[in-house]
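In what follows, a single structure is set out as structure tokens and then discussed.
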Protein chains: 2
Amino acid sequence: MEFKEAKNKFVQSWGALGSQWGINKTMAQIHALLMISTEAVSMEEIMEELQISRGNASMNLRALMDWGIVYKEHKPGERKEFFIAEKDLDELAVKIAKERSKREIKPALKVLKEVSTIKTNKSEEEKHFVEQTGKLYDFVLKADNVLDKVTEYKDNWLAKLVVKIMK
Amino acid sequence: MEFKEAKNKFVQSWGALGSQWGINKTMAQIHALLMISTEAVSMEEIMEELQISRGNASMNLRALMDWGIVYKEHKPGERKEFFIAEKDLDELAVKIAKERSKREIKPALKVLKEVSTIKTNKSEEEKHFVEQTGKLYDFVLKADNVLDKVTEYKDNWLAKLVVKIMK
DNA sequence: TTAAACTTTCAAAAAAAAATGAAAGTTTAT
DNA sequence: ATAAACTTTCATTTTTTTTTGAAAGTTTAA
């Protein structure tokens, strides 16, 4: 396989993987592109490479920056903006984990807490509901805490986790 | 909050959470419904409760069964089929993890291996591509292995992990 | 065997999500 | 101040995903 083909395959696959995990395909593709670029990349280049519109590029770059995994960079003498990705994988994973926790897990926990603490009458149905959502709350909370803890390690958390788990 | 409201809130929220993680909303809602039901539930009841068509119910139940987290049940004397969810949360997490690994992570690893092992010329660009995708391969492989290991514990893996991590 | 009671399939419709592109907005150099 | 060089916004269009519902398929009871 030659470079151009490999690059294309990587960008496409990363986009597809993103979709499967609830991330907009183009957003994942832009991220892939920036991950493998040595240099900061302009919007122009991104549009060209992925064959997307200016609006699309702009909005997805904004989203990537909101996630904290892509940064703007200004080149001296250049008027336009360039973009660069967080390339450290530990850092990347930590940021994604924190963001998904904040945006999705925390709100879900809030709902689980609410619904699992309703006053019930003595019916089996209601008792089981409270029990099951309560267990779910505990489980998700525990998982979220592990995520928190693990991301505190900051550097090389996955490698350290591997050591702990595997032994 | 009264029971009916809580139940509805739970089902809706579980559906929304599913969407954000790449799982069809209706599929997640059906799963939520089955999770909190004491009894096995018929397709008829699911259609009624979620206001969805027969085809939709049928297809999403099939998908849930393919994931191995919902089972068919036959009640004696009854002609129609009833459905019941895996309610043990450790078991549920293990199944989801294994399935996502098989369907999504393994294929992504295959691509990463392919593209990270191309023959490169001496250009910075190509060297960086191989290096970066190589690192990504190692990272994803390690994460997938942790998932494997953790799901081998089978019972109460999350609780055990909490102990390991927190200490 | 047949017909009633179910379930599945899949082409078509509907809904949801993403992308476009041009106008509006912003910044910078002169 | 203004105009060139950019970026953002958002109503509209396009694409993708999901849902529908009716026909085809299956199973069971009589």
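Throughout, protein chains are lettered first and strands after them, A, B, ... in sequence-line order, and every chain is numbered starting at 1. These numbers come from the heavy atoms of this one structure, side chains and all, not from hydrogens, waters or symmetry mates.
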(message) Salt bridge check, Lys9(B) against Glu5(B): does any charged N sit closer than 4.0 Å to a carboxylate O?
(response) no
(message) Under 4.0 Å, heavy atom to any atom of DNA chain C: which of residues 56-64 of chain A qualify?
(response) Asn56(A), Asn60(A)
(request) Strictly below 4.0 Å, heavy-atom distances to any atom of DNA chain D: list the hits from residues 19-46 of chain B, or just say none. (result) Asn24(B), Thr26(B)
(message) Checking Met59(B) now: which residues fulfil side-chain contact (heavy atoms from CB on, under 4.5 Å) with it, not counting sequence neighbours?
(response) none
(message) Return whichever of Arg54(B) or Gly55(A) has its heavy-atom-nearest nucleotide of DNA chain D closer to the 5' end.
(response) Gly55(A)
(message) Against the six-membered ring of Tyr137(A), is Lys113(A) placed for a cation-pi contact (under 6.0 Å from the centre, within 45° of the normal)?
(response) no
(request) Not counting sequence neighbours, which residues clear side-chain contact (heavy atoms from CB on, under 4.5 Å) with Ala108(A)? List them please. (result) Leu17(B)
(request) Work out which heavy atom in Leu158(B) is nearest to a heavy atom in Ala143(A); give both atom names and the distance. (result) CD2-N, 3.7 Å
(request) State plainly whether the residues Lys119(A) and Glu2(B) are in salt-bridge range, i.e. N to O under 4.0 Å. (result) no
(request) Extract, from 5' to 3' on DNA chain D, the first and final nucleotides lying under 4.0 angstrom from some heavy atom of chain B. (result) dT18(D) to dT28(D)
(message) What I want to find out is whether Arg62(B) reaches Asp66(B) closely enough, with some N-O distance under 4.0 Å, to be called a salt bridge.
(response) yes
(message) Quick one, Asp88(B) and Lys135(A) - any side-chain contact, counting heavy atoms below 4.5 Å?
(response) no
(message) Suppose we call two aromatic rings close when their centres sit under 6.0 Å apart. Are Tyr71(B) and Phe83(B) close by that rule?
(response) no
(message) Can you list everything that forms a side-chain hydrogen bond (donor to acceptor under 3.5 Å, both in side chains) with Glu104(B)? Sequence neighbours excluded, please.
(response) Trp21(A), Arg100(B)
(request) Quickly work out the Leu50(A) CG to dA18(C) P distance and round it to whole Å. (result) 16 Å
